[in-house]
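Note on naming: letters A, B, ... go to the chains in the order of the sequence lines (proteins, then strands), and numbering restarts at 1 for each one.
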2 protein chains.
Amino acid sequence: MVLRRADVVDGALELLDAEGLDGLTMRKLGAALNVQGGALYRHFPSKEALLDAMAERLLAGVGAPLPAEMPWLDQCREMAERLRVQLLSRRDGARVVAGTYVSGPNTMTAGGRAIELLSSVGFPPEEAAWITFAFFYFVLGHTIEEQALVRLDPAHGWEARLAEAQPVPSPALASAMLAMAKADPAERFRYGVRLFLAGVERRLEELRADGTSGV
Amino acid sequence: MVLRRADVVDGALELLDAEGLDGLTMRKLGAALNVQGGALYRHFPSKEALLDAMAERLLAGVGAPLPAEMPWLDQCREMAERLRVQLLSRRDGARVVAGTYVSGPNTMTAGGRAIELLSSVGFPPEEAAWITFAFFYFVLGHTIEEQALVRLDPAHGWEARLAEAQPVPSPALASAMLAMAKADPAERFRYGVRLFLAGVERRLEELRADGTSGV
DNA sequence: ACCTGAACACCGTTCAAGT
DNA sequence: ACCTGAACACCGTTCAAGT
């Protein structure tokens, strides 16, 4: 029973769920696949390359075609939702993706889909790319924090840290941050997406106003 | 010449510049401070605690008072600028901060300042906190990528990865991503900030429209 | 109180040798 | 071609013992 590249990635994602990113080691992964740690270097030149492949796998489906009849802002929301779901699908998934860059087909397809979508409604391709990446940063940052908060001792989580804070925060600040810690992360995410897309919409109106006289 | 907590943080930030986050080890830091690696555990309970203190130090000044006569949107921009500058002030600074949570006075002051600013123009405190964090995620994601790109071989950087991409990206996508890689990161950052703040502004108008009849 | 020296339990990675 | 076994050069962390 030979070990294929894809089997290694499968096993690594399983182990990621079990141990977290910090506990994911080549030796443990080898053991999970009934192989010595060093044997994995027949399939990947380094642990980093394996993590890249894991990140690629995590982004599967994010760039899948969107319903053409859907309004473009909803299509943007849908892509954001998909990306978040995929990043959260594995423990520390967001951190895994954050450590890698461009490369694989899933990543390219997803990025391409977003740039294409924004271009189709009137953004110059370059600006579409800027928007796509800015948006990606928000989603990544949000999901990294989401996954970090899950691992904090729920009782001794954010409330305790706030209580220990120096200087003592104002009551208004304290209650704002507490409310934030208690809020549903999915709702907070959707709020951020809405905010960002409102800015995108406004920018498009601006572009169209400039364009009507110029073109 | 005793070693103080602050001296360890100073040395760690120096070493961070020299070695990067991955090269920052307790043994090397000890050597830089003319001490055994293990001795550092008299000052910090763990490497993680040291990294937290480094993150705290990096955020110094971000929450400093803003000119009262400055329009609030410019104050928001100014805080974003400050945060970016601080994160970029040390090699891998953004990644250091991304690995930590709340806690210290600089962090609290900065967060408090932003929430206070947004509250003062009419956002409910809780919503102000949501906006602050969403914005923080974008800045962090952007600066992490900025610092990662600096370290990529400039010649074999993004262009080469794009050329190797599977499936081959459309010419439009390829040129969009190439233009993006060549663009001034500071300009791209300001663009993202503007986009986000346009959304914030629109949301505030919405709130005020609701409020006039309700209150 | 602060540091040394040495150890413990790990890492990622390499490589001759096996099958 | 793929894997084993063992090694190399490291890690973070602990702790008796020194000063």
Side-chain angles (χ1 to χ4, degrees), chain A residues 1-57 91-92 95-101 103 148 151-152, chain B residues 1-57 91-92 95-101 103 148 151-152:
Chain A
M1 218 192 43
V2 285
L3 206 55
R4 309 221 166 278
R5 229 182 103 97
D7 301 326
V8 178
V9 178
D10 286 344
L13 288 169
E14 288 293 320
L15 191 60
L16 183 67
D17 264 343
E19 302 273 359
L21 182 55
D22 296 333
L24 177 69
T25 74
M26 298 304 266
R27 281 177 170 82
K28 283 190 205 161
L29 178 54
L33 297 168
N34 294 113
V35 124
Q36 290 293 117
L40 299 172
Y41 289 82
R42 294 281 135 193
H43 301 93
F44 291 93
S46 65
K47 185 181 181 182
E48 206 187 311
L50 171 59
L51 286 166
D52 286 354
M54 292 167 67
E56 245 294 294
R57 181 73 69 82
R91 179 167 163 189
D92 292 332
R95 269 172 71 204
V96 170
V97 171
T100 68
Y101 295 92
S103 62
R151 299 286 149 189
L152 279 185
Chain B
M1 217 190 50
V2 285
L3 205 57
R4 308 220 166 280
R5 228 183 105 97
D7 301 326
V8 178
V9 179
D10 286 344
L13 289 169
E14 288 292 319
L15 192 59
L16 182 68
D17 264 341
E19 303 273 359
L21 181 54
D22 297 333
L24 178 69
T25 72
M26 299 303 266
R27 281 178 170 83
K28 283 190 206 161
L29 179 54
L33 297 169
N34 293 112
V35 125
Q36 291 293 117
L40 298 172
Y41 289 82
R42 292 283 134 191
H43 301 94
F44 291 93
S46 66
K47 185 182 181 181
E48 207 187 311
L50 171 60
L51 286 166
D52 286 355
M54 292 167 67
E56 244 295 293
R57 182 74 69 84
R91 181 168 164 189
D92 293 333
R95 270 171 71 205
V96 170
V97 170
T100 67
Y101 295 92
S103 60
R151 300 286 149 189
L152 279 185

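- Side-chain contact between B:Asp92 and B:Asp22 is absent, with no heavy atoms from C-beta onward closer than 4.5 Å.
- Looking at which nucleotide of DNA chain D each of A:Gly38 and B:Ser46 is closest to, the 5′-most match is held by A:Gly38.
- A:Glu19 places its CD atom 12 Å from the P atom of C:dC10, with the value rounded to the nearest Å.
- Looking at heavy-atom distances under 4.0 Å, A:Leu33 makes no contact with the nucleic acid at all.
- To the nearest angstrom, P of C:dC11 lies 15 Å from CG of A:Leu50.
- Side chains of B:Leu13 and B:Met54 form a contact here, defined as non-hydrogen atoms less than 4.5 Å apart.
- The side chain of B:Gln36 has C:dG5 as its nearest neighbour among D:dG12, C:dG12, C:dG5.
- Residue A:Ala39 places its side chain closer to D:dC3 than to any other of D:dT13, D:dC3, C:dG12.
- No side-chain heavy atom of A:Val96 sits under 4.5 Å from any side-chain heavy atom of A:Arg57.
- With DNA chain C read from its 5' end, the first of the two nearest nucleotides for B:Arg27 and A:Arg42 is the one closest to B:Arg27.
- Here the nucleotide nearest the side chain of B:Tyr41, chosen from D:dT4, D:dT14, C:dG12, is D:dT14.
- To the nearest angstrom, C1' of C:dT14 lies 17 Å from NZ of A:Lys47.
- Between the C1' atoms of C:dC2 and D:dA16, the separation comes to 15 Å (whole Å).
- The minimum heavy-atom distance between B:Leu51 and B:Thr100, with the atom names listed, is O-CG2, 4.0 Å.
- Counting heavy atoms from C-beta outward, B:Leu29 and B:Leu40 have side chains that approach closer than 4.5 Å.
- For A:His43 and D:dA1, the shortest distance from a side-chain N or O to OP1 or OP2 is not below 4.0 Å.
- Of all nucleotides present, only D:dA1 satisfies the Watson-Crick or G-U wobble test against C:dT19, with each distance under 3.5 Å.
- Rounded to an integer number of Å, the gap from CG of B:Leu40 to P of D:dC15 is 17 Å.
- Closest contact between the side chain of B:Met26 and the listed nucleotides D:dC3, C:dT4, D:dG12 involves D:dG12.
- Between B:Arg5 atom CZ and C:dA1 atom P the separation is 17 Å, expressed in whole Å.
- Pairing of C:dG12, defined by two Watson-Crick or G-U wobble distances under 3.5 Å, is identified with D:dC8.
- Rounded to an integer number of Å, the gap from A:Phe44 CZ to C:dT13 P is 13 Å.
- Among the protein residues, A:Leu29 comes within range of no part of the nucleic acid, since none of its heavy atoms lies under 4.0 Å from any strand.
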